[in-house]
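Worksheet: one structure, shown below.
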Amino acid sequence: MGRGQKGGVSSAAGRRATARLNRIHLAVARRTPHLPGNFDDVDDFVYPLVLLATFGDRPQTSLGLPGTSEPMKAAWHRWAQALFRTLERESGPLADEAFPVDWSAMIEFALKFESRPYEQTDSGHRVARAMMDFFSRRWFPAPLRAFGNDLTRYLAGERVCRLHRIGGSAGRRSTAACGSRR
């Protein structure tokens with residue numbers, strides 16, 4: 001997806017990348033009929049785009065560092081909104097659905113989405129653990145994989161770490177590794 005967006009969402013490469021992403025989403029939805037509504041909830045499209053757009057800013061500001069500049073906030077918002085308008089869900093295009101109106105609205109949406117009550121599940125734990133292990137193995141040599149796991153916990157935030165039981169109580173890692181993000 002990243003390479004396809006290099007020229008922008010409306011470029012030929014961007015349109016091809018978006019079409020591919022839409023095909024992948026619909027193929028997964030067809031293969032999981034036991035999960036009705038999979039890839040159909042608008043919020044499940046908004047949230048990942050908000051996370052991508054705010055990814056650099058949220059960890060920086062949680063550490064007390066300067067965040068993203070106002071022009072970059074506007075650019076990230078425009079990118080996420082433009083991409084959102086090209087995505088499709090099971091029941092059709094998202095082009096006419098609501099997307100947060102600006103950067104502040106994206107941050108507010110993320111905080112509200114993240115504060116929803118979710119149940120702990122064994123499958124959630126397994127998926128979170130697998131994603132954390134994949135990230136660490138992919139990007140860090142063996143001696144630094146523990147750091148990769150800690151970085152994953154920090155980026156996920158304390159609430160996600162607790163929910164999916166990927167922080168602290170097992171082994172030498174503490175819940176402090178989950179960071180101060182909420």
Side-chain angles (χ1 to χ4, degrees), residues 1-2 21 24-65 67-68 73 76-77 80 83-84 87 89-91 94 97-100 103-140 142 144-182:
M1 187 73 187
L21 182 61
I24 290 168
H25 282 166
L26 293 174
V28 170
R30 281 191 297 274
R31 290 185 191 127
T32 55
H34 58 287
L35 299 172
N38 208 12
F39 295 106
D40 206 51
D41 187 339
V42 174
D43 287 355
D44 290 340
F45 287 86
V46 173
Y47 183 66
L49 290 172
V50 165
L51 282 185
L52 287 170
T54 62
F55 180 76
D57 184 77
R58 294 178 78 192
Q60 288 173 335
T61 56
S62 76
L63 293 170
L65 299 170
T68 304
K73 286 178 180 179
W76 276 113
H77 174 263
L83 182 54
F84 177 79
L87 295 176
R89 57 188 172 159
E90 284 183 276
S91 60
L94 290 166
E97 297 293 340
F99 188 83
W103 180 270
S104 296
M106 286 196 313
I107 296 293
E108 182 180 342
F109 177 89
L111 294 173
K112 285 181 179 176
F113 189 93
E114 291 164 357
S115 67
R116 293 177 181 177
Y118 293 99
E119 283 184 38
Q120 282 190 351
T121 63
D122 289 337
S123 62
H125 170 74
R126 286 190 306 273
V127 168
R129 184 81 231 175
M131 290 172 69
M132 187 168 64
D133 290 344
F134 174 80
F135 174 77
S136 295
R137 284 191 171 93
R138 172 69 174 91
W139 296 106
F140 296 91
L144 295 176
R145 287 196 183 129
F147 171 74
N149 286 340
D150 286 347
L151 179 61
T152 304
R153 288 183 187 100
Y154 174 75
L155 293 172
E158 189 174 339
R159 185 170 184 271
V160 171
C161 289
R162 278 194 316 268
L163 176 66
H164 294 300
R165 301 179 314 274
I166 59 172
S169 58
R172 62 190 176 137
R173 301 285 162 227
S174 70
T175 52
C178 284
S180 61
R181 275 195 38 210
R182 289 190 166 72

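Below, all heavy atoms of this structure are taken into account, side chains as well, without hydrogens, waters or symmetry copies.
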Value rounded to 0.5 Å, distance of [atom1] in [X] from [atom2] in [Y]:
| X | Y | atom1 | atom2 | value |
| --- | --- | --- | --- | --- |
| E97 | D43 | CD | CG | 10.0 Å |
| F135 | R145 | CZ | CZ | 12.0 Å |
| L163 | T121 | CG | OG1 | 7.5 Å |

Give a yes or no answer on whether the side chain of [X] reaches the backbone of [Y] with a donor-acceptor pair at less than 3.5 Å.
| X | Y | result |
| --- | --- | --- |
| T61 | G67 | no |
| T54 | D57 | no |
| Q120 | R162 | yes |

F147 and F140 aromatic ring geometry - parallel, tilted or perpendicular at 30°/60° bounds:
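Ring orientation, 0 to 90° scale: perpendicular.
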Over all atoms of both residues, closest heavy-atom pair of [X] and [Y]:
| X | Y | value |
| --- | --- | --- |
| V50 | M106 | CG1-O, 3.3 Å |
| P100 | H77 | O-NE2, 2.7 Å |
| L51 | E114 | CD2-OE2, 3.9 Å |

Does K73 reach the side chain of I107, with side-chain heavy atoms less than 4.5 Å apart?
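Contact flag for K73/I107 side chains = no.
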Side chains of R89 and H25 in contact at under 4.5 Å (non-hydrogen atoms):
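Result no, sub-4.5 Å side-chain heavy-atom pair not found.
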Look at atom [atom1] of [X] and say whether more than 12 heavy atoms of other residues, nucleotides or ligands are closer to it than 6.0 Å.
| X | atom1 | answer |
| --- | --- | --- |
| Y118 | OH | yes |
| F113 | CZ | yes |
| R116 | CZ | yes |

Ionic contact status for D133 with R126, cut-off 4.0 Å
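Salt bridge absent between R126 and D133.
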